[in-house]
Peer 1: 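My questions all concern the structure below.
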Amino acid sequence: MADVDAEEFGALLRRARLRASLTIEELAEASGVSVRGIGDLERGRRATPQRGTVAALADGLELDEAGRERLLTAARTGRKPRQGTVGVRAFPRGIHDFAGRETELARLTALAAQAASGQPVVVALPGPPGTGKTTLALHAARMLADRFPDGQLMVDLRGMDDTPPGPAELILRVLKALGVADRELAKAGPQGHPELYRQVMAERCRLLVLDNARDEAQVRPLLPSAGAGMVMITSRRLLSGLESVHRLPLGELSPEEAATFLTTLVGQERADADPTALAEVAQRCAHLPLALRVAGNWLATRTGWTVRRLAGRLALEERRLDTLTAGDLRVSAAFELSYRQLTPKAARLFRLLALVDGPDTGVAGAARLTGQALLDTEDTLEELVETGLLGTDQDRYRFHDLLRLYARSRLHAEEPHENIEAARSSLHRWLLDTAVVAGRWYEPDHGAPPPTWQGTVDLSTAERARQWLQAEGDNWLAAFRAAATAGDHATVVEVAEALHWFSDQWIFWGHWPDVFRTAVHCARALGDPSAEATQLNYHAWALMICEGRHRESVECSAQALAAARRAGDLSQQAWAHYYSAWALGLLGDHAAAAPHNRETVRLFEAVGDLHGTLQARSNTAQNLSLGGRHEESITEILRTLAFLDEAGDRIEPHIAAFTRTTLQMNIGLAHTALGNWSEAAEHLRTAADLWRDSGNHGVESRALIRLGDALLAAGRRDEGRDAFTRAVCLGEAADPSRLTEARERLAGLDTHRAPLPVPGAAG
C-alpha cells in the first residue's frame, strides 16, 4: 500500500462505499462527514483527509481492521500538496531579503502548532503603513508551509481601495481558488456560500493570509469557526472589534534589525565600509521597513553613491520624504492611502499634530490645536490610532518620525498660513500658562491652582502637577524657547520663576541650565536687576547640581550678588552667598565658603525668609561634613531638623519634605564617613524611601548607592545587593552617573570584588 496515491485513496473510498451498498448521502449520515466532503475525496479533489475524518468514514463503512488500515495508509500517502493546490509558490515576490521580526516569527510558529489541535487560529498583524505586515505574513507562510498540508492561500482584500470588495465577493473568490466546482457553487447559491465556505475551511488544514483588510466587517465573515487551519490578517487598522483573535502589532525594526536589513540590500562590502553612515541611514528612515527598502534600493541601483552620501541627503528633513523614493516605490504614497480615508476632523487633527514640538502629546494639547472639546478630541485621536497613523501609550499620542514629516507636508499644503500660526500660538500659550500653574504647586505662598483657574488638565494635586510637567516637558520647553525668540521676555521670566522650586523634583531632566540661562537673558532685556539676580541664582544652582560645573556656578552666583546689590535685594544677595558657599564647599575651599555661609544666615534672618534660613542651615551642615567635621555636621543637622519641626506649616510642604529628606541623607553620609555603618544605613534607607515616595528618583538613586555601600561595609551583603539592584531598576529616571555606579557595584559583587564605601563621599 506504500505506493497508493491520492487518486487511489478516492477510488478506494468509492469501492468501499459501493461494497457497503451506500450512497454518498447515506455514508455522510453514517459518518458525520459532509456530502460535499465525501464527493471531493472520491473525485480526488481533496488529497489529504485528516485522520479523524478517515476514522469517521471507516466507522460509517463498518470496515474491519485490515480495511481501516488500508484507508489510513492511503490517506497518509496522499497527504502532500497536489500540483493544482494554491500554495506559497503562488504568493507575490519580495520575501527573500527578509530580516528581523524574530519575536513575531516565534509567536507565529507557536500559534501554528496550536492550530494542529483542531481549532482554527486567527492572528491579526496590525501596523502603520510601511511596517512590513505583508512581508512578515508571506515569510511566515513559507516558513510554516509544511504544517498546512492542504496548501496556503493569500487573498488581497484591497482595504485601501475606494470601494474594496465585500465579504460575499471574497468568499466566492476563496471558494473558487480552493477548487470548489461551479456546479456546487450554483447549487448552494449566494445565500449558501458562507456555509459552504465554513465547511471547506473546517475540513482542510490550510493557512489563509487575508492581506490588507479594511475593517472588521470585511474580514469577520472570512474567519473559520472550526477546523485545523490558521488565518493571518494584515491591516493598517487595529481591528479592535474582532473577537478571539491573537494580536501581534507591528512597529519599526530595532536599530540592529534595520542595519541587517539594509546590509542585505546594499551588500556587505558597502555596509562595512561605513557602518556609522549605515546606522544614520537606518535612523533617518526611522527603522521603518518600507523606508529602509526604498533607501536600500536607491543605493543598490546607484553603485557610485556611498552610504555616507545618502545619509547626508536624508539629513535634510524637508527633503527626506522626497528622497525616500525609488522608481514607483514611495514612502509618502503608503501614507497617502491611509490619510485619504480619514474623516475631515481626523485629517485636520492629523495635520495640526505636526505642530507638536515634542515626541508626543496628551488629549488636552491636541484639543488646544483644533478647538474641539476634550471628549471629541479623544475620539478623533482614537480614530487616528485605529487607522495606524498615530501610536498611543498611557494617554500619550505619538507620531512615527516619518509620519510626522508627512503630516507636516499636508499641513503646509492644506492649511492657510494664518491658521497654522494661530494654532501654534494657542498651543504654546496654553503650555506656558499651564506650566506656571503646575509649577506653583511647589512655590511658597502658592500651592493649588486658584479657584478662578479653568484649565483643561487635572492639576488638583502636586503629584498630578508633577506628572503633567514631566510628560509635557519637551513641549513646554519648546514653547518657552519660542517665547524667548519672539521677545516675550516677561513670560519667560514668569515661567522660570514658577518652576524653580519644582526643579528640585526633576533634577536630572537635563534642561534646567538652559531654562535659567534663557531667563537670565530675558531678565536683562527687561532691565530688571532683581529678576536678573534671581535667575542668575537659579542658573548657579543648575550649573552646580545638574551638571557639576562648580567653578562656573561660583562665577554665576558672583554675578547674581552684583545684580542683587544693584537692585538692593537682600533676599537675592542671601541666595547668591548661599550658592557660592555650596559650590565652594564642593570644590573643597572651605575657608572661602565659611564667610558666605555666615552672610547667608545673617541676610535671611534679616529679611525674615524662613525658607532661605532653612536652606542656609542645611547647607552649613553639609559644608561641615565636606570639610571633614562630621560630628559637628550631625549636630547641626539635628538642630536644623528641630528648626524645621518648630516652623511647622510656615514652611511650604514640598520644601519641608525635600529638605527633611536631604537632611536624612546627609546625616547618613556623615555616619558613613565616621564608619558608623548601621547608623548610616538606617538614615540612608529612610532617605531613599522618602525620595522614592516623592517621585524624585534621580536623588533616590544617589541615596541607594550610598545605602548599598554602607550595608556592604556592615557585612550585610544581600541587603547591599538589593539596594544596588533597586537603583538599576530606576533606569532612565536615575542619575546617569549613579546608574553606572550601581551596575559596577553589582558586577563587583558577582565577581566577589565588591567595592568598599568611600568615606566622606558627597551624595
Peer 1: So, taking the atom named CD in Q505 and the one named NE2 in H697, what distance separates them when rounded to the nearest 0.5 Å?
Peer 2: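 Q505 CD to H697 NE2: 11.0 Å, rounded to 0.5 Å.
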Peer 1: Does E317 pair with R408 as a salt bridge, N-O distance under 4.0 Å?
Peer 2: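 Between R408 and E317 there is a salt bridge, with a charged N closer than 4.0 Å to a carboxylate O.
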Peer 1: Say you draw a straight line from CG of L242 to CD1 of I233; how long is it, rounded to the nearest 0.5 Å?
Peer 2: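 Answer for the CG-CD1 pair, L242 versus I233, is 5.5 Å.
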Peer 1: Among V231, L170, L125, D156, exactly one meets side-chain contact (heavy atoms from CB on, under 4.5 Å) together with L210. Which residue is that?
Peer 2: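 Exactly one option meets the side-chain contact (heavy atoms from CB on, under 4.5 Å) with L210, and it is V231.
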Peer 1: Run the salt-bridge test on R220 and E243 with the 4.0 Å N-O cut-off and return the result as yes or no.
Peer 2: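 Salt bridge between R220 and E243, a charged N being under 4.0 Å from a carboxylate O: yes.
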Peer 1: Roughly how far, to the nearest 0.5 Å, is the CG atom of D395 from the CG atom of D360?
Peer 2: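 If I round to the nearest 0.5 Å, the distance is 11.0 Å.
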Peer 1: Ignoring hydrogens and geometry, is there a side-chain-to-backbone donor-acceptor pair from S409 to Y406 under 3.5 Å?
Peer 2: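 Yes.
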Peer 1: Using a strict 4.0 Å threshold on nitrogen-to-oxygen distance, state whether R404 and D401 make a salt bridge.
Peer 2: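 Judged by the 4.0 Å cut-off on N to carboxylate O distance, R404 and D401 do not form a salt bridge.
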Peer 1: Taking G391's backbone N and O only, do any of them form a donor-acceptor pair with R398's side chain (distance below 3.5 Å, no angle check)?
Peer 2: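 Side chain of R398 to backbone of G391, a donor-acceptor pair under 3.5 Å: no, none is there.
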Peer 1: Measuring from atom OG1 of T163 to atom CZ of R214, what distance do you get when rounded to the nearest 0.5 angstrom?
Peer 2: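 T163 atom OG1 to R214 atom CZ measures 8.5 Å (nearest 0.5 Å).
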Peer 1: Rounded to the nearest 0.5 Å, how far apart are CG of L316 and CZ of R284?
Peer 2: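 The distance works out to 9.0 Å.
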Peer 1: Would you check if the distance from the ring center of F350 to the ring center of F399 is below 6.0 Å?
Peer 2: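 Distance test on ring centres: under 6.0 Å, yes.
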Peer 1: Does this structure show an ion pair linking R440 with E494, if we count only N-O contacts that are shorter than 4.0 Å?
Peer 2: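 Looking at R440 and E494, the cut-off is met.
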Peer 1: Is there a donor-acceptor contact under 3.5 Å from the side chain of E216 to the main chain of G241?
Peer 2: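 Checking the backbone N and O of G241 against the side chain of E216, a donor-acceptor pair under 3.5 Å is found.
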Peer 1: May I ask you to check if R302 and W298 form a cation-pi contact, with NZ or CZ under 6.0 angstrom from the six-membered ring centre and within 45° of the axis?
Peer 2: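 Output yes; distance and angle both within limits.
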Peer 1: Within the side chain of T377, is there an N or O that forms a donor-acceptor pair under 3.5 Å with the backbone of A373?
Peer 2: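 Yes, the answer is positive, given that a donor and an acceptor are paired below the 3.5 Å cut-off.
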Peer 1: Any salt bridge linking R481 with D514? Criterion: basic side-chain nitrogen under 4.0 Å from a carboxylate oxygen.
Peer 2: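 Salt bridge present between R481 and D514.
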Peer 1: Between E386 and S240, is the side-chain contact (heavy atoms from CB on, under 4.5 Å) condition met? List the steps.
Peer 2: CA-CA 8 Å; E386 184 66 30; S240 305; 2.9 Å; yes
Peer 1: Assert yes or no for the condition that the ring centre distance of W468 to W430 is strictly below 6.0 Å.
Peer 2: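 Yes - the distance between ring centres of W468 and W430 falls below the 6.0 Å cut-off.
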Peer 1: Donor-acceptor pair, S701 side chain versus A734 backbone, under 3.5 Å?
Peer 2: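 Pair absent, no side-chain N/O of S701 close to backbone of A734.
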Peer 1: Taking only Lys NZ, Arg NE, NH1 and NH2, and the carboxylate oxygens of Asp or Glu, determine whether R466 and E463 approach each other closer than 4.0 Å.
Peer 2: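 Judged by the 4.0 Å cut-off on N to carboxylate O distance, R466 and E463 do form a salt bridge.
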Peer 1: Applying salt bridge (charged side-chain N to carboxylate O under 4.0 Å, His left out) to R396 and E472, what does each step give before you reach the verdict?
Peer 2: CA-CA 10 Å; R396 306 290 298 174; E472 295 284 355; 2.8 Å; yes
Peer 1: Quick check against the 3.5 Å criterion: does T263 have a side-chain atom that pairs as donor or acceptor with the backbone of A271?
Peer 2: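 A pair under 3.5 Å: no.
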Peer 1: Nearest 0.5 Å please: distance from the CG atom of D458 over to the CZ atom of R464.
Peer 2: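 That separation rounds to 4.5 Å.
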Peer 1: Does the ring center of W476 lie less than 6.0 Å from the ring center of W509?
Peer 2: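 So the answer is yes for these two rings.
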Peer 1: With the threshold set at 4.0 Å, does a side-chain nitrogen-carboxylate oxygen contact exist between K133 and E104?
Peer 2: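 So K133 does not pair with E104 through a salt bridge.
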Peer 1: Could you tell me whether E414 and R410 have a side-chain N and a carboxylate O separated by less than 4.0 Å?
Peer 2: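 Here E414 pairs with R410 in a salt bridge, since their nearest N and O are under 4.0 Å apart.
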Peer 1: Report yes or no: does E280 contribute a side-chain atom to a donor-acceptor pair with the main-chain N or O of A311 at less than 3.5 Å?
Peer 2: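 Side chain of E280 to backbone of A311: no pair is present.
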